[in-house]
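Structure, as structure tokens:
Sequence positions, counted from 1, serve as the residue numbers for this chain. Just follow the structure's listing: the first ligand is 1, and inside any ligand the first atom is 1. The shown structure was predicted, so the numbers you read here are calculated from the model rather than taken from an experiment.
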Amino acid sequence: MTVADLVSDGLAPAAEAPLLERVAQDFRLRLTPQMKMASLGSEGVARQFVPTREELVERPEDMADPIGDDTHAPVPGLTHRYPDRVILHVTKTCEVYCRFCFRRETVGDTGHLPADQLEAALAYIASTPAIREVILTGGDPLVLSARRIADLVGRLAAIGHVDLVRLHTRVPVVAPDRINASLVEALRQHPSVWVVVHTNHADEMTPEAAAALSRLADAGVPLLSQTVLLRGVNDSADTLEALFRALLRLRVKPYYLHHCDLARGAGHFRTTIAAGQAIMAALRGRMSGTALPTYVLDIPGGYGKVPIGPTYLAQQDGAWQVTDPNGRLHRYEDPARG
Ligand SMILES: *Cc1c(COP(=O)(O)O)cnc(C)c1O
Ligand code: SF4
């Protein structure tokens, strides 16, 4: 996909083309036909995939590796930051390139993890019994062929201590045709495969995306979602309410709302943490707990993910002060223990 394609598809004005060419030298462009159509009808979708001149702006806080993937890599392609789970970066390719991506410096570089590195990563997992969960990511793991996924998931199933395999992917939403019978069969090579769908706006939920998610749910694959809080895309309680309600209808449990990372050239997408907390507090007042994700920050530098949602609890005069969903304060005392 080129800047000229964006202009001829009506996604970018011709006058912007020279600046967008500069953006395209730094960061990849890619949209699927489904997201091209959705972008034409929705600002909230377009801003995620269509480059703008704002990406040329670098801010002092921008970082090349905002979440510190490289600081916990025992072997290439593997991130082991928490004791019981690892991230396996099986490819650097994606079906779409998101303008705010926290791995935007590395996605799109080459194809799949080379076979020798994959073997080394599997050997590390097999020899580290503390690892109970393997998270496949990238890039997007579901750009791999069903045959490769079946092989990989089958090999992980053969390692006794790997209780579950989790895939983090945008594919069911942005390239729903890929979720076909052979892919579903590939996922079944391990008895406990979970899929976490990355989606940021209800306008991404085309009928094809809804059907793809239903195929996974019907196959018994538990579905979670992760969303990035993005200024100008979904930074309002109404927009996120529509998304989370759409997900629940499709049997997807909202899991994480990520505070936007410090990726280079993505400063225009960042909100403040206070803005995110206000949105989460508003949602708690109006939605079922099943709809509410945990609002998290990946602490820059590779120090881990922590919840940063609104707090309802404070200590006062030797007791707790609790805020209810309507903002009223209540006193709660722990029972005395002898
Ligand atoms: C986010 C992340 C995980 C997964 O964390 P969960 O809280 O289990 O979803 C695992 N490893 C790394 C390095 C991560 O950044
Ligand atoms: S699909 Fe994920 S990894 Fe790929 S560009 Fe988008 S956010 Fe980044």
Side-chain angles (χ1 to χ4, degrees), residues 1 26-32 34-35 45 47-51 55 65-74 77-109 121 125 128 130-144 163-175 178 194-201 204 222 224-230 233 253-261 263-266 269 293-308:
M1 155 146 272
D26 246 13
F27 303 116
R28 308 251 159 178
L29 301 184
R30 192 172 187 190
L31 272 96
T32 56
Q34 290 85 356
M35 288 303 103
V45 180
R47 278 182 68 83
Q48 296 180 55
F49 304 119
V50 179
E55 289 175 51
D65 178 19
I67 68 163
D69 273 341
D70 290 346
T71 54
H72 298 84
L78 202 69
T79 308
H80 192 185
R81 185 197 285 163
Y82 307 111
D84 72 333
R85 53 209 191 276
V86 287
I87 292 188
L88 182 53
H89 303 263
V90 291
T91 174
K92 291 182 173 171
T93 309
C94 305
E95 287 287 338
V96 288
Y97 291 116
C98 310
R99 309 322 301 166
F100 52 85
C101 176
F102 62 109
R103 295 201 180 110
R104 62 186 323 198
E105 309 280 349
T106 51
V107 288
D109 276 357
I125 294 166
T128 313
I131 298 172
R132 311 300 294 272
E133 178 175 10
V134 175
I135 301 168
L136 305 182
T137 181
D140 196 316
L142 289 186
V143 304
L144 299 189
D163 294 336
L164 50 122
V165 177
R166 192 195 324 171
L167 288 91
H168 280 220
T169 177
R170 283 206 100 168
V171 159
V173 171
V174 301
R178 293 193 74 95
W194 292 53
V195 168
V196 182
V197 188
H198 172 183
T199 176
N200 302 317
H201 198 289
E204 294 165 30
L224 304 171
S225 68
Q226 56 175 348
T227 295
V228 185
L229 181 62
L230 298 166
V233 172
K253 161 78 185 106
Y255 174 48
Y256 276 156
L257 176 67
H258 293 272
H259 190 68
C260 191
D261 292 302
R264 187 163 63 90
F269 285 115
T294 304
Y295 179 35
V296 291
L297 173 71
D298 220 313
I299 304 169
Y303 300 102
K305 262 191 225 72
V306 287
I308 56 165

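Protein heavy atom in closest approach to atom 7 (O) of ligand 1: Tyr256 OH, 2.5 Å. Closest to atom 8 (O) of ligand 1 among all protein heavy atoms lies Arg85 NE, 2.6 Å. The shortest contact between atom 12 (C) of ligand 1 and any protein heavy atom is with Ile87 CD1, 3.3 Å. Among all non-hydrogen protein atoms, the one lying nearest atom 1 (C) of ligand 1 is Lys305 NZ, 1.2 Å. Given atom 4 (C) of ligand 1, the protein heavy atom at minimum distance is Ile135 CD1, 3.6 Å.
By the 4.5 Å heavy-atom criterion applied to side chains, His258 and Tyr295 are not counted as neighbours. Taking the side chain as every heavy atom from C-beta outward, His89 and Thr106 never approach each other to under 4.5 Å. Contact of the Pro254 side chain with the Ser225 side chain is registered, since non-hydrogen atoms from C-beta on lie closer than 4.5 Å.
Using a cutoff of 4.0 Å between basic side-chain nitrogens and carboxylate oxygens, Arg132 and Asp163 are scored as salt-bridged. The pair Asp140-Arg178 does not meet the salt-bridge criterion, since no charged nitrogen lies less than 4.0 angstrom from a carboxylate oxygen.
By the 4.0 Å heavy-atom criterion, His72 is excluded from the residues contacting ligand 1.
Near atom 6 (Fe) of ligand 2, less than 2.8 Å away, sit the protein N, O or S atoms Cys98 SG.
Among the atoms of Arg166, some N or O lies under 3.5 angstrom from an N or O of ligand 1.
Closest approach of Arg99 and Phe27 over heavy atoms only: NH2-CB, 3.7 Å. The minimum heavy-atom distance linking Pro51 with Leu29 is given by the pair CG-CD2, 3.4 Å.
Between the side chain of Arg28 and the backbone N or O of Gly108, at least one donor-acceptor pair lies under 3.5 Å. Put simply, the side chain of Asn200 gets close to the backbone of Val228: a donor and an acceptor are under 3.5 Å apart.
Set against the non-hydrogen atoms of Tyr82, the atoms of ligand 1 under 4.0 Å away are 2 (C), 3 (C), 10 (C), 11 (N), 12 (C), 14 (C). Atoms of ligand 1 found under 4.0 Å from any heavy atom of Tyr255 (numbered from 1 in listed order, with element): 6 (P), 7 (O), 8 (O), 9 (O). Atoms of ligand 1 found under 4.0 Å from any heavy atom of Thr79 (numbered from 1 in listed order, with element): 13 (C).
Here Arg104 pairs with Glu55 under the salt bridge (charged side-chain N to carboxylate O under 4.0 Å, His left out) rule; sequence neighbours left out.
A donor and an acceptor atom, one from each side chain of His168 and Gln226, are located under 3.5 Å apart.
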